[in-house]
Every structure is written in C-alpha cells, then in structure tokens.
Amino acid sequence: MYEDLWKDLKALIDRDPSTLDFFRAMLFKREFHMILIYRLSHLFFNWKLPLVPTLIQRMNIIFFGIEISYKIHIAGGFRINHGLGTVIGDATIARDVIIFQNVTIGANYPELTESKKIKGYPIIEQKVIIFPGAKIIGPITIGSNSVIGANAVVTSNILPNSIVSGPRSVVIGLRSH
C-alpha cells in the first residue's frame, strides 16, 4: 500500500502545477485524500475485516462525492482530478492512470436489458487518461496509453494508443410548440 500511495503522491506532484511539495499535497490536496481513503479501505478489505472497508469507503462518498470500490486493485501512480461524481466499480486499473470528474467505470447489466453479453467490469491498462463525463461500461479493455475524451461512452475494447471521442448526438424526436 505504501509504495502505491507514494507513487500516487509523486504523480500528483509531477502532473499538477498547483501542487508545490509533498507536505502540502498530503495536507491540502483533496485528490490525494480521495486516493488515501481508497487505499485504506482496500487494505482493510485484503485483511478480511468485515464492515471496516465499507465504513472507510463511505468517507469518500460523504466528503468528496466519489465512489471507488474497495474490492479492486488500483496500481500506483493513480491520479484523480477533481473526482466529484466519479464512480469506479470492481474494474482493474493499471499504473499511471488519470481520471477526471464525473467518470463512470462499471459493469454492464445484461439481465436488465435482455442482452446476450456477459456481465463484467472494464480493465484499464497503464497510462490511460479518462476525461470528464466518460462512461466505460462492461467487460472490455482500454489499451495502454489511450485517451478517452469527454463524455465518451465506451462499451467495446479500445486498442492501445487510441484516442476516443464522445458520442454522436442523434435526433430522437421533435417537440411540439
């Protein structure tokens, strides 16, 4: 845990021009506090302590408006920018990933849509950047060094080094006056 947390802190310092030093980042940067809370809840989950991971996870929800599952492993160098409204389910997240606010990374639910797809969570490979509002859903892989654009809805595999843009708008009807 400490090694990953140190990498998280270093990533925050290296990639955020408003962060001046380690001491101030640890004390004042909510981005670091969100990751610290996740790492503590994950630690207690690995120790198989009932209820404790859930209680710690709730601190992120209450204080920062972000939900990160304590069951997943997120590699070091993880960075959350703002974070408000972000939900990260039981996905797999590799090292040096950056996630912006209002991102959803979660499972598809084929039983709700009568889909033939298999239920599952995404795998986010290393050095991926996910911009605000993006939704990454289902048992898919986002290849390393990819960029997921703002408001993109991703439901299929993305090759490494890809840039994915948001969904196209479609007219679904007309309003009457």
Q: Could you check if a side-chain atom of Ile129 sits within less than 4.5 angstrom of a side-chain atom of Phe100, using non-hydrogen atoms only?
A: yes

Q.
Side chains of Ile72 and Thr92, heavy atoms from C-beta outward: is any pair under 4.5 Å?
A. no

Q | Hydrophobic cluster membership, Leu40 vs Trp6, 4.5 Å side-chain cutoff | A | yes

Q.
Do Phe78 and Ile98 have side chains that approach each other closer than 4.5 Å (heavy atoms only, starting at C-beta)?
A. no

Q. Applying the side chain to side chain contact (heavy atoms under 4.5 Å, CB included) test to Thr104, which of Thr86, Ile136, Ile137, Ile88 qualifies?
A. Ile137

Q | Lys135: salt bridge (Lys or Arg N to Asp or Glu O under 4.0 Å) partners, not counting sequence neighbours | A | none

Q | Minimum heavy-atom distance between Gly106 and Pro122, given as atom pair plus value | A | O-CD, 3.3 Å

Q. Who are the ring-ring contact (aromatic ring centres under 6.0 Å, His included) partners of Tyr38, not counting sequence neighbours?
A. His42

Q. Counting only N and O atoms by type, is there a donor-acceptor contact under 3.5 Å from the side chain of Asn60 to the main-chain atoms of Met34?
A. yes

(Q) Measuring only between side-chain heavy atoms, which start at C-beta, is Asn145 closer than 4.5 Å to Pro160? (A) no

Q | Partner of Ile68 under side chain to side chain contact (heavy atoms under 4.5 Å, CB included), chosen from Ile37, Ile93, Ile35, Ile74 | A | Ile74

Q. Ignoring hydrogens and geometry, is there a side-chain-to-backbone donor-acceptor pair from Asn108 to Gly138 under 3.5 Å?
A. no

Q) Do Ser146 side-chain atoms and Val164 backbone N/O form a donor-acceptor pair below 3.5 Å? A) no

(Q) Nearest 0.5 angstrom please: Ile158 CD1 to Thr155 OG1, how far? (A) 8.5 Å

**Q.** Criterion salt bridge (charged side-chain N to carboxylate O under 4.0 Å, His left out) against Asp8, the qualifying member of Arg95, Lys29, Arg79, Arg39
**A.** Arg39

Q: Taking the side chain as every heavy atom from C-beta outward, state whether Leu5 and Phe32 have any pair of such atoms under 4.5 Å apart.
A: yes

Q: Measure from the side-chain N and O atoms of Gln101 to the backbone N and O of Gly83, and report whether any donor-acceptor pair falls under 3.5 Å.
A: no

Q.
Return the CD to CD1 distance between Glu67 and Ile61, rounded to the nearest 0.5 Å.
A. 4.0 Å

